[in-house]
Engineer: 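Okay, here's the structure, questions in a sec.
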Amino acid sequence: IQEMMPGVSLATIDDTLDSPARSAVWAELGAFTRTLHDISSDRFGPPAWGPTFASWADQVRWDAASLIDDAVKFGYPAEPFHRLAMAVERLAPLLDEVKTPALIHSDLSRTHVFVEPGADGRVRLAGVIDLEFGRYADPLSEHLIDEFAWRNAPAEIRLAFMCGYGKSEFSHDEEVRTLLYVALSFAWLVPLLAFQGQPYDTVMADFDHALTAIEWR
């Protein structure tokens with residue numbers, strides 16, 4: 001699919017674009033993401049195969065429990081993942097504020113977004129790849145939105161994306177949920193690295209910092 005997708009990965013050219021071109025493509029990506037999130041279901045979870053849940057809190061509880069199982073399976077410290085499960089339980093009322101499951105890509109990032117530079121100087125969205133982790137979820141758990149919460153993204157990127165997405169700011173409860181999703185993003189990366197035989201100490205440290213941020217809220 002990557003070889004057949006027209007254009008190039010946004011990650012390869014994003015930093016080289018001038019401000020108008022960069023803002024335009026990020027606004028288009030925001031609009032695309034909102035269109036994706038407007039697709040809904042009556043259950044949280046994957047659209048085709050796997051366990052589904054009537055509530056978002058139950059889905060995230062299942063995620064946290066699975067991450068504890070992964071820690072036992074791969075032999076790295078499980079304590080941070082138990083902390084995550086406790087944070088999920090404490091924040092369950094906030095999670096249950098999410099009533100409408102939204103279709104998310106889950107792994108949406110610059111690497112997986114393909115764009116086509118045009119002769120007029122504009123850069124247009126061509127498509128996205130790696131949708132295997134897509135599921136019905138809280139739209140704020142979209143990876144690209146999480147990244148804005150923990151990476152120092154340039155202001156014009158964040159502004160352009162959110163303008164295209166149609167949302168300018170988050171409520172307090174939404175900010176807290178987003179912090180939890182940042183921790184979950186790090187947590188999911190640990191078993192992937194362990195499975196691949198790659199070092200994961202740095203990610204575990206980031207995971208710990210994200211957990212601490214949640215626990216202070």
Engineer: Check R124 with E28, please: is the shortest side-chain N to carboxylate O separation under 4.0 Å?
Structural biologist: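 Here E28 does not pair with R124 in a salt bridge, since their nearest N and O are not under 4.0 Å apart.
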Engineer: Any Lys/Arg nitrogen of E215 or R90 sitting under 4.0 Å from an Asp/Glu carboxylate oxygen of the other?
Structural biologist: no
Engineer: Not counting sequence neighbours, which residues clear side-chain hydrogen bond (donor to acceptor under 3.5 Å, both in side chains) with R34? List them please.
Structural biologist: D38
Engineer: Do L67 and P191 have side-chain heavy atoms sitting under 4.5 Å apart?
Structural biologist: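 In short, these two side chains touch, coming nearer than 4.5 Å.
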Engineer: Consider only side-chain heavy atoms of I, L, V, M, F, W and Y, link residues closer than 4.5 Å, and tell whether I145 and V182 are in one cluster.
Structural biologist: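 Both belong to a single hydrophobic cluster.
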Engineer: Heavy atoms, side chains only, cut-off 4.5 Å: are R22 and D18 in contact?
Structural biologist: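 No. Closest side-chain heavy atoms not under 4.5 Å.
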Engineer: Would you say F74 has more than 12 foreign heavy atoms packed within less than 6.0 Å of its CZ?
Structural biologist: yes
Engineer: If you round to the nearest 0.5 Å, how far is OG of S171 from CD of E97?
Structural biologist: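 With rounding to 0.5 Å, CD (E97) is 7.0 Å from OG (S171).
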Engineer: For Y76 and A194, which heavy atoms make the closest approach, and how far apart are they?
Structural biologist: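 Scanning both residues, the minimum pair turns out to be CE2-CB, 3.8 Å.
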Engineer: What about L29 and V8, same hydrophobic cluster or not, with Ile/Leu/Val/Met/Phe/Trp/Tyr joined at side-chain heavy-atom distances under 4.5 Å?
Structural biologist: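 Shared cluster, yes.
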Engineer: Distance check, rounded to the nearest 0.5 Å: F32 atom CZ versus H37 atom NE2?
Structural biologist: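 If we round to the nearest 0.5 Å, F32:CZ and H37:NE2 are 8.5 Å apart.
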Engineer: Can you give me the closest heavy-atom contact between A137 and S141, atom names plus distance?
Structural biologist: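 Closest pair (atom of A137, atom of S141, distance): CB-OG, 3.7 Å.
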Engineer: Is any side-chain heavy atom of P77 closer than 4.5 Å to a side-chain heavy atom of M204?
Structural biologist: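 A side-chain contact exists here, since the closest heavy-atom pair is under 4.5 Å.
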Engineer: Would you check if S9 and V113 make a side-chain contact, meaning some heavy-atom pair closer than 4.5 Å?
Structural biologist: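 SC-SC contact between S9 and V113 ruled out.
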Engineer: At what distance, to the nearest 0.5 angstrom, does CG of L91 lie from CG of D173?
Structural biologist: 9.5 Å
Engineer: Measure across D15 and R110 and return the closest heavy-atom pair with its distance rounded to 0.1 Å.
Structural biologist: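 Shortest heavy-atom separation between D15 and R110 comes out as OD1-NH1, 3.3 Å.
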Engineer: Decide whether L159 and M162 are clustered together by the hydrophobic rule: side chain heavy atoms of Ile, Leu, Val, Met, Phe, Trp, Tyr closer than 4.5 Å, transitively.
Structural biologist: no
Engineer: Please report the shortest heavy-atom distance between A57 and D96, naming the atom on each side.
Structural biologist: CB-OD1, 3.3 Å
Engineer: Quick one, L144 and F161 - any side-chain contact, counting heavy atoms below 4.5 Å?
Structural biologist: yes
Engineer: Are side-chain N/O atoms of H143 and D107 paired as donor and acceptor at under 3.5 Å?
Structural biologist: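 No - no donor-acceptor pair under 3.5 Å links their side chains.
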Engineer: Tell me, do F114 and L10 make a side-chain contact under 4.5 Å, heavy atoms counted?
Structural biologist: no
Engineer: Search all heavy atoms of M5 against all heavy atoms of G127 and return the closest pair with its distance.
Structural biologist: SD-CA, 3.8 Å
Engineer: Assess whether side-chain contact (heavy atoms from CB on, under 4.5 Å) is satisfied between L95 and L180, documenting all intermediate values.
Structural biologist: CA-CA 10 Å; L95 297 174; L180 177 63; 3.9 Å; yes
Engineer: Do you know which of D70, V72, D69, V190 makes side chain to side chain contact (heavy atoms under 4.5 Å, CB included) with F81?
Structural biologist: V190
Engineer: Drop me the distance from H209's NE2 to F207's CZ, to the nearest 0.5 angstrom.
Structural biologist: 12.5 Å
Engineer: For S40 and A102, indicate whether the former's side chain and the latter's backbone hold a donor-acceptor pair under 3.5 Å.
Structural biologist: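 Checked: no pair found.
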Engineer: With clusters built from Ile, Leu, Val, Met, Phe, Trp and Tyr whose side-chain heavy atoms come within less than 4.5 Å, directly or transitively, what are the remaining members of the cluster of L36, listed by chain and number?
Structural biologist: I39, L103, Y136
Engineer: Any donor and acceptor pair, going by atom type alone, linking the side chain of S23 with main-chain N or O of P20 inside 3.5 Å?
Structural biologist: no
Engineer: Could you go step by step and tell me if Y181 and L140 meet the side-chain contact (heavy atoms from CB on, under 4.5 Å) rule?
Structural biologist: CA-CA 8 Å; Y181 305 149; L140 296 184; 4.0 Å; yes
Engineer: Under the 3.5 angstrom rule, does the side chain of E116 hit a backbone N or O of L125 as a donor-acceptor pair?
Structural biologist: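 Not a single qualifying donor-acceptor pair exists.
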Engineer: Test of understanding: clusters of I, L, V, M, F, W, Y form through side-chain heavy atoms closer than 4.5 Å, transitively. Do L192 and L84 belong to the same one?
Structural biologist: yes
Engineer: Side chain of H105, backbone of T33: donor and acceptor closer than 3.5 Å?
Structural biologist: no
Engineer: List the steps and the verdict of salt bridge (Lys or Arg N to Asp or Glu O under 4.0 Å) for D146 and R177.
Structural biologist: CA-CA 10 Å; D146 293 348; R177 295 205 315 265; over 6 Å; no
Engineer: Just wondering, do E79 and H82 contact through their side chains at under 4.5 Å, heavy atoms?
Structural biologist: no
Engineer: Check whether more than 12 heavy atoms from other residues, nucleotides or ligands sit under 6.0 Å from atom CD of Q198, and answer yes or no.
Structural biologist: yes
Engineer: Could you tell me the separation between the CD1 atom of I214 and the CG atom of L184, rounded to the nearest 0.5 Å?
Structural biologist: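 Spacing of CD1 (I214) from CG (L184) equals 7.5 Å.
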Engineer: May I ask you to decide whether E174 forms a salt bridge with K167, counting only side-chain N to carboxylate O separations under 4.0 Å?
Structural biologist: yes
Engineer: Grouping I, L, V, M, F, W and Y whenever their side-chain heavy atoms are under 4.5 Å apart, do W56 and I104 come out in a common cluster?
Structural biologist: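 In one cluster with W56: I104, no.
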Engineer: Specify the closest pair of heavy atoms between V98 and D138, including all atoms of both residues, with the distance to one decimal.
Structural biologist: CG2-OD2, 3.4 Å
Engineer: Please check if the side chain of E142 supplies one atom and the backbone of S106 the other of a donor-acceptor pair under 3.5 Å.
Structural biologist: yes
Engineer: For the residue pair D14 and W26, confirm or rule out a side-chain donor-acceptor distance under 3.5 Å.
Structural biologist: yes
Engineer: Can you measure from NZ (K73) to CD1 (I68) and round to the nearest 0.5 angstrom?
Structural biologist: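 The NZ atom of K73 sits 13.5 Å away from the CD1 atom of I68.
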